[in-house]
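Comments concern the structure below.
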Amino acid sequence: MKPARFRYHAPKTLEEAVDTLADVAAEDGRVLAGGQSLVPIMAFRLARPAHLVDINGVDALRRLAVDGERLRIGAGVRHAAFHKPVVDGPLGRLLTAVVRHIAHYPIRTRGTFCGSIAHADPAAEWCLVAAALGAEMIARSAGGGTRIIPAQDFFHGIMTTALKEDELLTEVRVPLLPADSRFGFYEFNRRAGDFALGMALVTFRLRDGVIWEPRVAVGGIELQPRRIADAERALAGHPAERTVFEAAGAAVASVVDPLEDALTSATYRRDLARTVTRRALEQAAA
Ligand SMILES: Cc1cc2nc3c(=O)[nH]c(=O)nc-3n(C[C@H](O)[C@H](O)[C@H](O)COP(=O)(O)OP(=O)(O)OC[C@H]3O[C@@H](n4cnc5c(N)ncnc54)[C@H](O)[C@@H]3O)c2cc1C
C-alpha cells in the first residue's frame, strides 16, 4: 500500500518550520525527521497526514554539544551520531552502549534521537534513557514560544506525549553523569534489531562499596518508560552485591503494570522486568 496524498513542505529555518507547522497542524500536519517510524505507518495508512513538514533542511537543528552540565541533542541528530562517544565520561559511553540496540545500521543512519522521543514508542531505547536520566525536552511553537518539559511529564502513554500538535521538539537536554558513575543496560528481544520486549537502564555511584544516587528505569514493560522508586530505595545505602540486586529486581516486578499482547503475557513481562533489572545492575557493578 502507498501513503495517502499529502503536501510536502521543506523549511530552511527553525522559524519557517514552526510557522509552517502552525499553519498545517489542524489538518494533521506532521514533522518529518528521519521518517523511520512515520513513513512505514503512512505506507500502511495507519497515519494519513495531509501535510509533512520536513526538518532535514534546517541546519540549526543539527547541533550536538555539551553546554554546562548537559548534552544538548538537536532534532536533526541521527541515532548513528552515538556510534562513537559524543562526550567524554560515562554519559558518552552509555549512549554508545545503548545505540547499537536500536533497529539496524541503515535505520540508525536516518532515524533521529528527537524523532524517537517524539514518537514515544514504549520500547524505544532513547525514551528509556530520557526517563532514567531526567532529560528535558525543548518544544517550540510559532511566535517563539518555548516550553521545557521534564521527562517525567513528557511521556503520557503509547506514542502519546506532552507535545502539542503545533510544537516542534527542537532538542533534548540530557544531564551529564558524574565521572565516577557506573551504568548498566540490559535489553531482551527475540531477534536482533527488534524492539525490546523489556529493558532496564541503571546508574549508580559507589562510596566505600555502598551504592548511592541509584537510578533504575525500565522500558518496554509498561505504557511508557519510567524510574522505579521502590527499586532505587532497595539499592541506596546497600552494598553492590547479588542479594541487593535481586531485591531491586523484585521491587521492580512488584510495582510494574506490564503490557500484554498476543505473544507476550503480563506475567512473562513482569518476570522479564525483574531479570533485566538484575542483569543491568550486575553490569554496572562489574
Ligand atoms: C524495522 C525497524 C526497527 C526499528 N527498531 C527500533 C528499535 O529497536 N528501537 C527504537 O527505539 N526504534 C526503532 N525503530 C524506530 C526508529 O528508531 C525511528 O528512527 C524512530 O522511532 C523515529 O525517529 P525518526 O527520526 O525516524 O522520526 P519520524 O519517523 O520522522 O517521525 C516519527 C514521529 O515523530 C514525530 N516527530 C519526529 N521528529 C519530531 C520533532 N522534532 N518534533 C515533533 N515531532 C517529531 C513525527 O511527526 C512522527 O509522528 C525501528 C524502525 C524500523 C523501521
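Start at 1 and go down the list; that is how both ligands and their atoms are numbered.
With respect to Asp28 and Arg30, a salt bridge is recorded, a charged nitrogen being found less than 4.0 Å from a carboxylate O.
Of the possible donor and acceptor atoms, none in the side chain of Gln283 sits under 3.5 Å from a partner among the backbone N and O of Arg279. The backbone N or O of Leu259 lies less than 3.5 Å from a partner atom in the side chain of Arg269, making a donor-acceptor pair. Within the 3.5 Å criterion, the main-chain N or O of Ala253 finds a donor-acceptor partner in the side chain of Arg270.
Within 4.0 Å of ligand 1, contacts by protein heavy atoms are made from Arg30, Val31, Leu32, Ala33, Gly34, Gly35, Gln36, Ser37, Leu38, Ile55, Ala75, His79, His101, Ile102, Ala103, Ile107, Gly111, Thr112, Gly115, Ser116, Ala118, His119, Ala124, Glu125, Leu163, Glu167, Leu168, Leu169, Gly193, Asp194, Phe195.
Listed by first and then second residue, the ring pair (Phe, Tyr, Trp, His ring centres under 6.0 Å) pairs involving residues 49-69 are His9-His51 (not counting sequence neighbours).
The six-membered or imidazole ring of Phe113 lies near that of Phe82, with a centre-to-centre distance under 6.0 Å.
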